[in-house]
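Working notes, structure below.
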Amino acid sequence: MEKKYTPKEMEPKWQGYWENKKLFTAKEDPKKRKYYCLEMFPYPSGRIHMGHVRNYVIGDVIARYKMMQGFSVIHPMGWDAFGMPAENAAIEKGIHPAKWTYENIANMKAQIKKLGLSYDWNREVATCDEDYYKWNQWLFLKMYEKGIAYKKRSFVNWCPSCETVLANEQVEDGSCWRCSSIVGQKELEQWFFKITDYAEELLSCTEKLPGWPENVLAMQRNWIGRSTGAEIDFKIAGTNEKITVFTTRQDTLFGATFMSIAPEHPLVKKLIKGKKTEKEVMAFVERIMHEDKIMRTAEGMEKEGIFTGAYAINPMTKKEMPIWVANFVLMEYGTGAVMAVPCHDTRDFAFAKKYNLPIQLVIQNPVGTLTLDNMKDAYVDEGYLINSGEFNNLKTAEAKERIADYLEKEGMGKRSINYRLRDWGISRQRYWGTPIPIIYCDKCGTVTVPEKDLPVKLPKDVAFTGKGASPLLDAKGFVDVKCPKCNGSAKRETDTMDTFVDSSWYFLRYTSAKDDTRPFDPEKVKYWMPVDQYIGGIEHAVMHLLYSRFFTKVIRDLGLIKIDEPFTNLLTQGMVCKETLRCPEHGWLFPEDVKDNRCATCGKEVERGRVEKMSKSKKNVVDPDKLIDNYGADTVRLFSLFAAPPEKYLEWSDQGVDGAWRFLSRVWVLVQKNSDIIKDVKGKIEISELDSAERGLYRKTHLTIKKVTEDIERDFHFNTAIAAMMELVNEISGGSEGKVVQAEVLKAALETLIILLSPFAPHISEELWSVLGNKGSVMDIPWPKYNEGAIKTEDVLIVIQINGKLRGKITLSAGAAEDEVKKGALEDERIKELIAGKAIRKVIVVKDKLVNIVV
RNA sequence: GCGAGAGUGGCGGAACUGGCAGACGCGCUAGACUUAGGAUCUAGUGGGCAACCGUGGGGGUUCAACUCCCCCCUCUCGCACCA
């Protein structure tokens, strides 16, 4: 009697086996090619969800596949452990963030381990460990020395609920990316990283990342937002002052009829000083500045402005241009001042119409039909210049160059490049993060903490009230400190670092996670980096990936590493989604609250909603832990990989999970049933001695090797790879019925199946490998290569088409000559009938594939 | 508006450089076994009685188009008063 398939027993057994044998310990082996497989490390929220499972299972198949191919693989895991939820837990439940975080890590680690993933846990890092964040501080000091870390007073995005600063990247549709509160503005003294120094390289290197998905590169380019144009100086009438504007359309300079400046622009106060308009303008400026910036810059917002009473001079036309303060002009972009060309800019056009400002046509369309009277909106496309003096008749592109030349020659302006990217504000008014290693001394000013004093440790004893600013402000033993320079009394910086700092270099730390003398060992980094395959969610397309690229370049410029880019290949896995269920009265429902398509509470008919991203609030989540308990890790893994290719959305289906279970059970039974026959078979296979059934199965075996290997290589299309293995199983179980197949052929088929399956469903594969009498791990077996000779067939099926439509099939020997194929097709009975009485115009033969008869 | 991606059976998805559309799985139908269980096994399953018709719609290139070109529609994601 065969043993039953009981994943619950065998999975922990094999996990223990792998651990004891240290199968996944990464070693720097100079004789082997290395492979760095990395999944984005999780925030330790307490429990894993299906998104994590999908992410890690994809990574695990890749890592195991590469191991079997003989690569020296590093496959680490860790914890992005600083962050707000820990602090919120402290406020709400009175649990210390450290306790909460480390307990969550322990829980999640246990959950992750049940999946049977091939991690080298010796390299585990938690960013909240002192020996990790020490190196955040060390890197900060290096960046401070280089002028990359600096402090400035600025308006920052402020989340009133989190009571902290947010980077632009962390504001989504005007709301906090974590808590969704409306983000406001606040002027604060803040620490920044000069990521803008790297804007050009971050942008140009996107061309050198062919292993990244196009949409992620597009999002990064979009975010960096390079635009080329010119800075132009405008004299202010009756003063020695000037206003500098940035424009991408210097070709329209002759059409600039007024000036729009941001309410925050420092010149505003000077311009209106002593003028009649002063009070009125200041009232307007005050009002706009108090308006929410998000509202102010929202689409369709009414354009508003007020005349300052001052004029600038157009350097080309010498005409006076009234200077207006306008709500839509942003101080953060360009110079905070815009030369308004109403005729050729949509916003300026609307503004000019509203306030009755002059409009001047300077770009004519290629067909020459534009007149001021027939224009209902600005003409923003290219054309040729008119009303532009010596530049008339030049086309837009050339005019831009010629006018830029002219401005530079006359000293009125210069070519300029502007970026949308802003410097990265890293100060957070929070406790649970890396303390910024800076001390403020009354005598010496801003002083860095000496390297020997690192890490600046987070004090344990602080009160979490949830009110006011950072808890660190009240931690006396932390704040009060001696100045490292003069030994006088001084105060520590109480801001902590944005947690994106932690995750910007963790992939380097993994290479030498235990090194306590430096952030990483350059020799180890040299061996392992860059990451060959990075896998994670699309939600990190801009922030995390951009910051990591930035850090890599900074660390390179510090002379510590040699690479330019951290991640050679990036796979952004799709979200895990599920159907939603909704009762008209009781809202979202769990599947178990539905009986016969009706709400279990009120009996109303349930609406089957859209398939949406799994979320607790919509009650369409599935718990990985329960699934593993029911089906085992291998079934969960297999379904996650089979339901969709990794980059696409995965729609969760409970029946689909059953299907995965059924497949594994069939494999189990198949091997058990045949184990006695093939266990001790040692013979070699001679293709020429096989009968047709054996030949067929042997061929299918090798076709499966080919297909599975190619599907993995072709962007990790695991779904089709699994389909191929299912075909092989169908062939073995169906094909062998009634026909006795030589034991050697059957053995080759089953062993190949187990080896190919092992990266996908490793536990059952190990178990079955041993059932067949093999010693050791199936992971030690080299990934099989297919045999060209086994795949070749003597006979091929040739498709016969008439006028491109399928009309018949014939079997011929492979490699048949064109004439032979033609003859065979034309002699086919059905074909004869169909072409009877018609003239054959042409016959096309594709070797070993098809014949197309054109009549 | 700009950028990226997608649209194929009842469903998830296959079809790699143009060459048998619908692999594989789910679901469904019929049957078998059974201590009548949401288990397992076998067969069938795009539409149409049929000739034939079928990959969002319309044109084109080609002996041949899901695949290449042009136009349009729909959906998803990202960005958006960026000068």
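It should be emphasised that the depicted structure is a prediction, and the values quoted were computed from it without experimental measurement. Convention: sequence-line order gives letters A, B, ...; per-chain numbering from 1.
OP1 or OP2 of B/C82 has at least one side-chain nitrogen or oxygen of A/R347 nearer than 4.0 Å. For the OP1/OP2 pair of B/C63 and a distance below 4.0 Å, the side-chain nitrogens and oxygens of A/K842 include at least one atom meeting the criterion.
Counting non-hydrogen atoms under 4.0 angstrom, A/S227 reaches the backbone sugars and phosphates but no base. At a threshold of 4.0 angstrom between heavy atoms, the contacts of A/R841 with the nucleic acid are absent. Here A/R226 lies out of heavy-atom contact (under 4.0 Å) with every strand. Contact annotation for A/V846: base contact, defined as any heavy-atom pair under 4.0 Å involving a base atom.
In this structure, the separation between CD on A/E579 and CE on A/M614 is 11.5 Å, given to the nearest 0.5 Å.
What separates CD1 of A/I538 from P of B/C77 is a distance of 12 Å, to the nearest Å. The CG-C1' distance, from A/D658 to B/U40, rounds to 13 Å in whole Å. Summarising the geometry, the separation between CD on A/Q801 and C1' on B/U62 is reported as 12 Å, rounded to the nearest angstrom. The CZ-C1' distance, from A/R666 to B/U42, rounds to 11 Å in whole Å.
Counting only Watson-Crick and G-U wobble pairs whose two distances sit under 3.5 Å, RNA chain B takes part in these stems of three or more pairs: B:1-7 with B:73-79, B:10-12 with B:24-26, B:27-32 with B:40-45, B:56-60 with B:68-72.
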Nucleotide N/O of nucleotides 12-15 of chain B paired with protein N/O under 3.5 Å:
| from | atom 1 | to | atom 2 | distance (Å) |
| --- | --- | --- | --- | --- |
| B/G12 | O2' | A/A643 | O | 2.8 |
| B/G13 | O3' | A/N719 | ND2 | 3.3 |
| B/A14 | OP1 | A/N719 | ND2 | 3.3 |
| B/A15 | OP1 | A/R714 | NH1 | 3.3 |
| B/A15 | OP1 | A/R714 | NH2 | 3.0 |

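Glycosidic conformation of B/G37: anti, with the torsion beyond 90° of 0.
Judged by distance alone, with hydrogens and angles left aside, A/K809 brings a side-chain donor or acceptor within reach of the base of B/C20, the pair sitting under 3.5 Å. Side-chain N/O atoms of A/N222 and base N/O atoms of B/C79 include no donor-acceptor pair closer than 3.5 Å.
Using modelled atom types, one finds no donor on one side chain facing an acceptor on the other under 3.5 Å when comparing A/R415 with A/Q250. A/T580 and A/N620 share no side-chain donor-acceptor pair at under 3.5 Å. Side chain to side chain, A/N222 and A/R420 fail the donor-acceptor criterion of an N or O pair below 3.5 Å.
Figure legend: cation-pi geometry between A/K706 and A/Y786, with NZ or CZ positioned under 6.0 Å from the six-membered ring centre and within 45° of its axis.
Taking the C1' atom of each, B/G46 and B/A39 are spaced 30 Å apart, rounded to whole Å.
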